[in-house]
Amino acid sequence: MTGEPAFAAAPAGGLPRRSAQAPASAGGCKTTTSCGTSAPVQDPEIAEKIANHPCYSAEAHQYYARMHVAVAPGCNIQCNFCNRKFDCANESRPGVTSTLLTPEDALAKVKLVASEIKQMSVLGIAGPGDPLANPKPTFRTMELVARDCPDIKLCLSTNGLRLPEFVDRIADLNVDHVTITINMIDPEVGERIYPWVAWRGKRYTGREASKILSEQQLAGLAALTERKILCKVNSVMIPGINDEHLVEVSRTVKGLGAFLHNVMPLVSAPEHGTVFGLTGQRGPTPQELKALQDRCEQDDGAEMNMMRHCRQCRADAVGLLGEDRGDEFLPETFQGREIVYDLAGRQQAHEEIERWRTEVAATRQTLNIATGARTPDVPAAEPVRPAEVVLVAVATKGSGVVNQHFGHAGEFWIYEAGPGWARLVQTRDVDRYCNGPSDCDEDASKLDRTIEMLSDCAAVLCSKIGLGPREALEEAGIEPVEIYDLIDKAVAEIGARLVTDRAPAEVGTP
């Protein structure tokens, strides 16, 4: 890249500023291939629903935050990958929380967080148990938030066992995003995942339990989509148990109208105390996960729309995806306080975000860069994915910009890169290599693990990188690139150069 980027440093509010030379017209990419956002653009209602939802739109997740409130402790099924523990502040995985809240405390926390983190657009109830196994606190919380915070989208995540029972209630509350965890549609597979389910006053085990669960999940999904409620299906990839089966799950949920499929890696370690953790069941590698996501998205998965940017959030997560600011909002910060909801300030912040997103879209259009996502302002067209692409890793703090030091990154965003193409396909967690001036460029084991995590990438894009990591990446055949620019622009330009420069045998479809 030559010349200065068409924006200045981010202001205190966190958003970069464009310079006067920035293009003024709005635009977007033209493709039917999706990556966390695949709404038929002909339907403005769906386009509006996903526009600022960080889970349903990979592009929106760079700008908008979410929060979860832990008001639902009980669960009506047991999963071999789950152990709902409390006071686990250092764990980031589903089903974990530090504090249970009453609906009234949840409302106070939502008002405080939304007024302090003004880009927060979505409230989700996801546990630590199952929200629909705890309907009274779940729906009471939603009623209170809808009353006092009318601009916040309401979301619900459920295992689906009681979903058909509550579809009308969900619709009445204007909850227009529901996530259902569906790990199988074959009870023979399910009995290896679910020891029991509690259904209508009786505990069922084995294959019978999984049959009941699957029937309820699919019936609930069909009922929600009939009411035009957007549904995301989460599936945990468990190597050797349901990994091959998840392609059929993807086909099935697509046929029932699911909007998005999120195939997540199993989180399994002995210290979590789960059955899979204690028995040594491994999770997938990032490369295995991506390969399965690709299969579900391609023809043998009914061309399902895949979520590629999930962070497997805690039940009390706060902030942008990939960050957790929960420690800033402990109970003493909101309990017993009269909190004024800053609706006007939030509206102003969201307007600023949308102005910046429009300018980023204009730059993409000017440079003819596609991201693999449909956008509300551009009609759907045939995919423009190049025949030859490479993978590149990006260190970013959000806002659509390469703006993070290599050593400060706790995760890397993995992009398909090529001429006119910059598509987010995965995020990968790493141990932060540099924790401050006195602890940087020292831990070789962390660096080795990071390089292994990025071993299928041709380049790493970051704002700065130290000499040691630079040399280690180069030795591993990964090009380190220091750059501060729009992610889409940088990825497409560097991807085009890498595709051109690399030998034909090295280029392909990651």
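Nothing here was measured: the structure is a model prediction, and the numbers come from that model.
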Return the minimal non-hydrogen interatomic distance between [X] and [Y], and the atom names on each side.
X      : Y      : answer
Ala492 : Ala422 : N-CB, 4.2 Å
Asn403 : Gly398 : ND2-O, 3.3 Å
Ala395 : Ala409 : CB-CB, 4.2 Å
Ile185 : Val249 : N-CG2, 4.0 Å
Val499 : Ala417 : CG2-O, 4.1 Å
Phe259 : Met304 : C-CE, 4.0 Å

Taken in chain and number order and not counting sequence neighbours, the residues that satisfy side-chain contact (heavy atoms from CB on, under 4.5 Å) with Arg192 are Ile241
Distance only, no hydrogens: is a donor on one side chain within 3.5 Å (strictly under) of an acceptor on the other, for [X] and [Y]?
X      : Y      : answer
Gln426 : Arg428 : yes
Asn76  : Asp130 : no
Thr371 : Asp488 : no
Ser235 : His261 : yes
Asn183 : Tyr194 : yes
Trp413 : Glu411 : yes

Under the side chain to side chain contact (heavy atoms under 4.5 Å, CB included) rule, what do Gln216 and Arg162 come out as? Steps first, then yes or no, please. CA-CA 7 Å; Gln216 289 296 108; Arg162 295 186 67 182; over 6 Å; no
Compare all side-chain heavy atoms of [X] with those of [Y] and state whether any distance is below 4.5 angstrom.
X      : Y      : result
Val122 : Ile152 : no
Phe406 : Thr450 : yes
Glu482 : Arg470 : yes
His68  : Ile125 : no
Ser455 : Gln287 : yes
Val263 : Leu289 : yes
Val460 : Val392 : no
Arg325 : Met67  : no

Donor-acceptor contact present, side-chain [X] to main-chain [Y], <3.5 Å:
X      : Y      : answer
Ser157 : Ala126 : no
Ser210 : Gly190 : yes
Arg432 : His408 : yes
Thr225 : Gly257 : no
Thr279 : Val275 : yes
Gln281 : Pro239 : yes
Thr396 : Val401 : yes
Gln217 : Asn159 : yes
Gln312 : Pro265 : yes
Ser121 : Asn52  : yes

Run Tyr64 and His350 through ring pair (Phe, Tyr, Trp, His ring centres under 6.0 Å) and show every step you take. CA-CA 9 Å; Tyr64 286 103; His350 287 211; 5.1 Å; yes
Looking at [options], which hits side-chain contact (heavy atoms from CB on, under 4.5 Å) with [X]?
X      : options                        : value
Glu479 : Asp501, Leu498, Leu473, Ile494 : Leu498
Ile229 : Leu221, Val178, Val175         : Val178
Phe276 : Pro270, Ser268, Cys82          : Ser268

To the nearest 0.5 Å, what is the distance between [atom1] on [X] and [atom2] on [Y]?
X      : Y      : atom1 : atom2 : result
Ile478 : Leu454 : CD1   : CG    : 5.5 Å
His245 : Met184 : NE2   : CE    : 7.0 Å
Met264 : Met307 : CE    : CE    : 9.0 Å
Leu224 : Thr179 : CG    : OG1   : 10.5 Å
Glu244 : Leu292 : CD    : CG    : 7.5 Å
Leu156 : Leu132 : CG    : CG    : 5.0 Å

Between Arg282 and Glu288, is a salt bridge (Lys or Arg N to Asp or Glu O under 4.0 Å) present by the stated rule, with each step listed? CA-CA 12 Å; Arg282 74 174 182 89; Glu288 289 172 332; 2.9 Å; yes
Let me see the working for Lys211 and Glu215 under salt bridge (Lys or Arg N to Asp or Glu O under 4.0 Å), right down to the final yes or no. CA-CA 6 Å; Lys211 182 175 184 294; Glu215 289 174 349; 2.6 Å; yes
I'd like to know whether Lys489 forms a salt bridge (Lys or Arg N to Asp or Glu O under 4.0 Å) with Glu493, so could you lay out the CA-CA distance, the side-chain angles of the two residues, the decisive distance to 0.1 Å, and finally the verdict. CA-CA 6 Å; Lys489 179 174 180 287; Glu493 289 179 348; 3.4 Å; yes
Non-neighbouring partners of Asn262 that pass side-chain hydrogen bond (donor to acceptor under 3.5 Å, both in side chains), sequence neighbours left out: Asn234
Chi angles and distances behind the side chain to side chain donor-acceptor pair (under 3.5 Å) call for Thr427, His309: CA-CA 6 Å; Thr427 63; His309 59 283; over 6 Å; no
Please determine which of Lys290, Arg423, Arg251, Lys254 meets the salt bridge (charged side-chain N to carboxylate O under 4.0 Å, His left out) test together with Glu297. Arg423
Is the number of heavy atoms from other residues, nucleotides or ligands within 6.0 Å of CD (Glu452) greater than 12? no
Asp431 atom CG, neighbour heavy-atom count above 12 within 6.0 Å: yes
Check the pair Leu260 / Val233 against side chain to side chain contact (heavy atoms under 4.5 Å, CB included), numbers first and verdict last. CA-CA 6 Å; Leu260 199 60; Val233 169; over 6 Å; no
Salt bridge or not for Arg308 and Asp294, using N-O below 4.0 Å? yes
